[in-house]
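Data first, discussion second: the structure below is written as structure tokens.
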Amino acid sequence: MLEITNLHAGAEGVEILKGINLTVNAGEVHAIMGPNGSGKSTLAQVLAGREDYQVTEGTVRYEGKDLLEMEPEERALAGLFMAFQYPVEIPGVTNAYFLRVAYNALRKSRGLEEVDPLDFMDLIDEKLKTVEWSADILERQVNAGMSGGEKKRNEILQMAVLEPKLAVLDETDSGLDIDALKIVAQGVNNMRRPDNALLVITHYQRLLNYIVPDYVHVLVDGRIVKSGGKELALELEAQGYEWVQEAGAAS
Amino acid sequence: MSGSSIDEFVDREYQWGFVTDIESDVIPPGLSEDIIRLISSKKDEPEWLLEWRLKAYRGWLKMTEPHWAHVHYDPIDYNDMIYYAAPKTVKPLGSLDEVDPKLLETYEKLGIPLAEQKRLTGVAVDAIFDSVSVATTYKETLAKEGVTFCSFSEAVKEHPEIVRKYLGSVVPHSDNFFAALNAAVFSDGSFVFIPKGVRCPMELSTYFRINAANTGQFERTLIIAEEGASVSYLEGCTAPMRDENQLHAAVVELIALDDATIKYSTVQNWYSGDENGVGGVYNFVTKRGKCAGVNSRITWTQVETGSAITWKYPSVILQGDNSVGEFYSVAVVNRYQQADTGTKMIHIGKNTRSTIISKGISAGHGNNSYRGLVKVLPKAEGARNYTQCDSMLIGNECGAHTFPYIDIQNDTTSMEHEASTRKIGEDQIFYCKQRGMTTEDAISLIVNGFAKEVFQYLPMEFAVEAQNLLGITLEGSVG
Ligand SMILES: Nc1ncnc2c1ncn2[C@@H]1O[C@H](COP(=O)(O)OP(=O)(O)O)[C@@H](O)[C@H]1O
Ligand SMILES: [Mg+2]
């Protein structure tokens, strides 16, 4: 599904990603862990097509296509979703409207008819259950005036509506209390299918208790220094990042 | 975000720029007492009105064009302009069946069908083409309710005593340079009279169209709501794309007596000039309402998307005790457009209240200024004002400015003022794109969210049109 080969990328002339190699197949959950500033968000943003970052080397193939050649919205319409570490506020626009515009953009790209507000309400009812939210949230503004936790949950609501093939969750756990974390993780787990995949970026192991990964990769200073199974996350939690940093330096 | 996609957004074609090929009765260019007499005689006007025009003209000759607004343009040659142009086929007071099919076609193309079987339901339209009114729909239906809705020329003939009583009572011909010019040469406009206790049963609207080249449009609108009456009125405007600038200097006067309500909305979409700032309409307009009676209310709502230069301050004189004045505005400038717009709220009566919400959106090389005055006179005990001015910038070449003036002469006044300026965020656009939207849709969505507070005050039928004008496809629902 996703094949990243020797990816180098940076911003403002500074290299941040220094040769990433990663393959994600359908049905898999990959976790990317790493200390602050190691380049986790940069990787997510490069995958989503943020123009602030320049790719200087390497390739990314997604579903057989050259991902880096695609516009951000083309990537989204091709099923790539990113849950933002810092969801963006859009004052004056309701969640309901935003979700419907996004949903209809997707339908249009597939040659389907757009849904009207009433039909959309039926559809969204189901999706609200995924994140255990009531319909009140639909009349709120997109992220504006929401708490940190609400914003993260809102990202997952969007994900539920758009049903992506590959979802990149950038620190979706930060800012969530334990109850909200469980709800969000449950929601994400319910969306898992054999034909979709998850890239879960997190600083802490906590989330991975609930969204159990098939693979864990440790990102340090723009490189994946260690990969392993889900137990790697526990080891990291116990020993800290210095341990892999040293291991990375030694290898 | 890429600069080019934003440029594409702001540079969308002006769809209303076509010219109707119709034979016109055009008078020679230039301005003189003879020209004014000619206009007056063409309209078969009573002597008092001609005298009023001439007085205005003589006053105007002594005035100088004001230049305090934050706008720039080459000097206007008032002697090079045509002050009257009318389609030859328009018969005075003709019925709708007699309207030239070419004119009907023009309005249909503009989305304002006038023909009986097609016309908008629930909205009565007065269609003004260059200097004259070509048709007014639903006139009879309204007349049954006691509502008068007709062209200004017709009102002068049919209701001279009302016109004479109120004409110039809110905006005297000596008020300012452009108001004086308008008083001297105005050719037509709309007239609305809602008698005591009547709530006007439908939206009234005037659609202004400038067609003839090198011609100014000087219309005058007069709306009177008697005791306990209420009315909602909307004006829309478009013009062909022409390389030379055209002047539109209108005057609007509103009078609300005791307990009366007037809601006046504008969707202004005059041609704004091309991508290099060539051509476009100079929209220099004086609009003022008088809350003459107690508990009266006047609401101005405007969506200003067109014109090369917009220069207007729809204002309210709050004379009656407990009267309310409101101003809700969205002004959008792109390319080389300039807008200097805002309001004046003059508190005279006790417990008068005013609300000002202004949303300025600047893109391209556009320049947008909010200019507003809140004045509270010594006797206006307990006056209250709330002002909110927000600006949004799209791109790096545009400008936003606010000039709030406050003159408080009564210490029981309560005032609240909020202002904000923000750039449309690249992060916002990227966020929307990550959810599958195009840059264009993203900007529409964000801008619409920004302006929504004002749109909600537009009549339902026009809120959607206004949103579309901002490049927003809302698919029938205000999100
Ligand atoms: N747009 C940018 N411009 C310049 N430097 C950036 C930019 N984005 C990230 N960086 C830098 O790149 C490094 C990695 O950042 P980031 O990917 O956000 O790390 P993480 O998500 O792992 O905490 C940091 O040193 C950060 O300051
Ligand atoms: Mg990060």
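Every value quoted in this text rests on a predicted model; they were computed, and no experiment measured them. Naming: A, B, ... by sequence-line order, numbering from 1 per chain.
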Working to the nearest 0.5 Å, report the span between OG1 of B/Thr439 and CD of A/Glu71.
7.0 Å
Hey, does A/Asn143 have a side-chain heavy atom less than 4.5 Å from the side chain of B/Gln428?
no
With a cut-off of 6.0 Å (strictly less than), are more than 12 heavy atoms of other residues, nucleotides or ligands near CZ of A/Arg140?
yes
Main-chain N/O of A/Ala48 paired to B/Gln434 side chain as donor or acceptor, under 3.5 Å
no
Evaluation steps, side chain to side chain contact (heavy atoms under 4.5 Å, CB included), between A/Ile90 and B/Cys432:
CA-CA 9 Å; A/Ile90 309 182; B/Cys432 294; 3.6 Å; yes
Inter-residue atom distance B/Thr438.OG1 - A/Glu74.CD, 0.5 Å rounding:
11.5 Å
How about B/Tyr431 and A/Gln158: does a side-chain donor come under 3.5 Å of a side-chain acceptor?
yes
Looking at A/Ser109, A/Pro164, A/Pro91, A/Ala105, which one has more heavy-atom pairs under 4.5 Å with chain B than the rest?
A/Pro91
Validation row: B/Asn448, A/Val93 side chains within 4.5 angstrom (heavy atoms):
no
Rounded at 0.5 Å granularity, tell me how far CZ in B/Phe430 sits from CD in A/Glu51.
8.5 Å
Please look at A/Arg75 and chain B and tell me whether the side chain, the backbone, both or neither of the residue comes under 4.5 angstrom of a heavy atom of that chain.
neither
Answer yes or no: does atom NZ of B/Lys344 have more than 12 heavy-atom neighbours from other residues, nucleotides or ligands under 6.0 Å?
no
If you look at every heavy atom in A/Ala76 and B/Gly436, which pair is closest and at what distance?
CB-N, 3.5 Å
In terms of heavy-atom proximity below 4.5 Å to chain B, should A/Val142 be classed as side chain, backbone, both, or neither?
side chain
Determine, stepwise, if the pair A/Leu106 / B/Met437 fulfils side chain to side chain contact (heavy atoms under 4.5 Å, CB included).
CA-CA 9 Å; A/Leu106 194 63; B/Met437 300 173 209; over 6 Å; no
salt_bridge(B/Arg435, A/Glu155) N-O dist < 4.0 Å
yes
Check this for me: A/Glu113, atom CD, are more than 12 non-hydrogen atoms of other residues, nucleotides or ligands nearer than 6.0 Å?
no
Quick one: are A/Glu73 and B/Asp441 in side-chain contact, heavy atoms under 4.5 Å?
no
Should we count OH of A/Tyr86 as having more than 12 external heavy atoms under 6.0 Å?
no
